[in-house]
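Data first, discussion second: the structure below is written as structure tokens.
Note that ligands are numbered from 1 as they come in the structure, with each ligand's atoms numbered from 1 the same way. Everything numeric in this text was worked out from a predicted model, so none of it was measured.
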Amino acid sequence: MDITKLFRRDLRDLRPYEAVDSPEALAEIAGIPAEDIIKLNANENPYGPSPRVKQALGNYGSYHIYPDANQTAPRRALEEYTGIPAEHILVGAGADELIDLVLRATLEPRDKVISCPPTFGMYSFSTQVIGGMLISIPRDKEFQVDLPKVKKAMGTMTKVIFLTSPNNPTGNSITEDVVLELLEEDILVVIDETYFEFSGQTFAHLVPEYSNLVVLRTLSKWAGLAGLRVGYGIMAPRLLQLLMDIKQPYNINAAAEVALLTSLNDLDYLMHNVEAIVQERERLFTRLSLMRGIAPRPSLGNFLLCDIANGKALPVFRGLAQKGIFVRYFNVPRLKNSLRISIGKPEHTDALVEALEQIFKEL
Ligand SMILES: Cc1ncc(COP(=O)(O)O)c(C=O)c1O
């Protein structure tokens, strides 16, 4: 039989999420060993997790037991970390799972979701997979959310808007007046604070006041746990209850739970690395600003969006890849002259700058 006849019709046109290649695949492209590549394409933490995580994972004795579906210990630990009561906190397999859960909890067929590109691709991806309707309201010239256009686009079937602060890939944050104005609307306002620890700016304190505000966070970036998949959402208890009811019961696996609890007990170490990344961001910004052909934009995240002159973003991307340095190129019209570069260790900055100097000489 033709198996595709059984597939959901609205998924036929789905544009799959473009995940980054594995280090092994990148190594093959560059023709060098995987340990020699410089991976600056997924905003990962170059310092990795706390060394205590590895130890705790090795010592954990209950991998044969299902994890706690109520997430009691992680939620308590996150209450201490965030200063927000645990009744507002739900843990997910990365911020990605929470994006999916929020949409599954709210969308009926054809309900609308507003996203403001260029931004993180998972909002549009999850909306499509769930069968919602995506309304894209492009950011203005300075990559700020275009509030008048957003408000104009809102209709009775608009359920959710995603705001990202700081935004990936543009690095800028959202202003409080825009947030407050949108919170007055009858929609769920989801603020994705995946890069909070690098920016220090948050709207989480508004959650107890606004039942339509959800703040998303993750341990993928600042705590170096991207591979273990652990993030959390801060939201009204009534919404949290619905998400709790519809989630896979054991969504946080035992290893992720151990890693989260251990990380939150080693904040000095992890925040020291966050500071090093922020300092390195500023050093890379200065070095790139002094070069011809590339212009970095100020950023509050662990990455810089850089404009590349003369339509050369793709050749520069390829030139770097040949040298084993992988950054992010987005194949969308608005970003076709840009590259997003994640912040690495100082030696990665030096190698990147040297490679760019060579590439620009040869272009
Ligand atoms: C804005 C934003 N939200 C969410 C995520 C995904 O986070 P997680 O690894 O917690 O799923 C990313 C990852 O790059 C991101 O940039």
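Using modelled atom types, one finds a donor on one side chain and an acceptor on the other under 3.5 Å when comparing Gln241 with Asp245. No side-chain donor from either of Thr164 and Asp192 sits under 3.5 Å from a side-chain acceptor of the other.
A salt bridge links Asp307 to Arg297: one of the charged nitrogens lies within less than 4.0 Å of a carboxylate oxygen.
In this structure, Arg217 satisfies the cation-pi test against Phe196, with its NZ or CZ atom closer than 6.0 Å to the six-membered ring centre and inside 45 degrees of the ring normal.
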Give one line per pair: atom of ligand 1, protein atom, distance. Only N/O to N/O under 3.5 Å.
{"residue": "ligand 1", "atom": "3 (N)", "partner": "Asp192", "partner atom": "OD1", "Å": "3.4"}
{"residue": "ligand 1", "atom": "3 (N)", "partner": "Asp192", "partner atom": "OD2", "Å": "2.6"}
{"residue": "ligand 1", "atom": "3 (N)", "partner": "Thr194", "partner atom": "OG1", "Å": "3.1"}
{"residue": "ligand 1", "atom": "9 (O)", "partner": "Ser220", "partner atom": "OG", "Å": "2.6"}
{"residue": "ligand 1", "atom": "9 (O)", "partner": "Arg229", "partner atom": "NH1", "Å": "2.8"}
{"residue": "ligand 1", "atom": "10 (O)", "partner": "Ala95", "partner atom": "N", "Å": "2.6"}
{"residue": "ligand 1", "atom": "10 (O)", "partner": "Thr218", "partner atom": "OG1", "Å": "2.5"}
{"residue": "ligand 1", "atom": "10 (O)", "partner": "Ser220", "partner atom": "OG", "Å": "3.3"}
{"residue": "ligand 1", "atom": "11 (O)", "partner": "Ala95", "partner atom": "N", "Å": "3.2"}
{"residue": "ligand 1", "atom": "11 (O)", "partner": "Asp96", "partner atom": "N", "Å": "3.0"}
{"residue": "ligand 1", "atom": "11 (O)", "partner": "Asp96", "partner atom": "OD1", "Å": "3.4"}
{"residue": "ligand 1", "atom": "11 (O)", "partner": "Asp96", "partner atom": "OD2", "Å": "3.4"}
{"residue": "ligand 1", "atom": "11 (O)", "partner": "Arg229", "partner atom": "NH2", "Å": "2.7"}
{"residue": "ligand 1", "atom": "14 (O)", "partner": "Tyr195", "partner atom": "OH", "Å": "3.2"}
{"residue": "ligand 1", "atom": "14 (O)", "partner": "Lys221", "partner atom": "NZ", "Å": "2.9"}
{"residue": "ligand 1", "atom": "16 (O)", "partner": "Asn168", "partner atom": "ND2", "Å": "2.7"}
{"residue": "ligand 1", "atom": "16 (O)", "partner": "Tyr195", "partner atom": "OH", "Å": "2.7"}

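Partner of Ile114 under the side chain to side chain contact (heavy atoms under 4.5 Å, CB included) criterion, out of Leu163, Thr158, Val189: Thr158 alone.
With sequence neighbours excluded, no residue forms a salt bridge (Lys or Arg N to Asp or Glu O under 4.0 Å) with Asp21.
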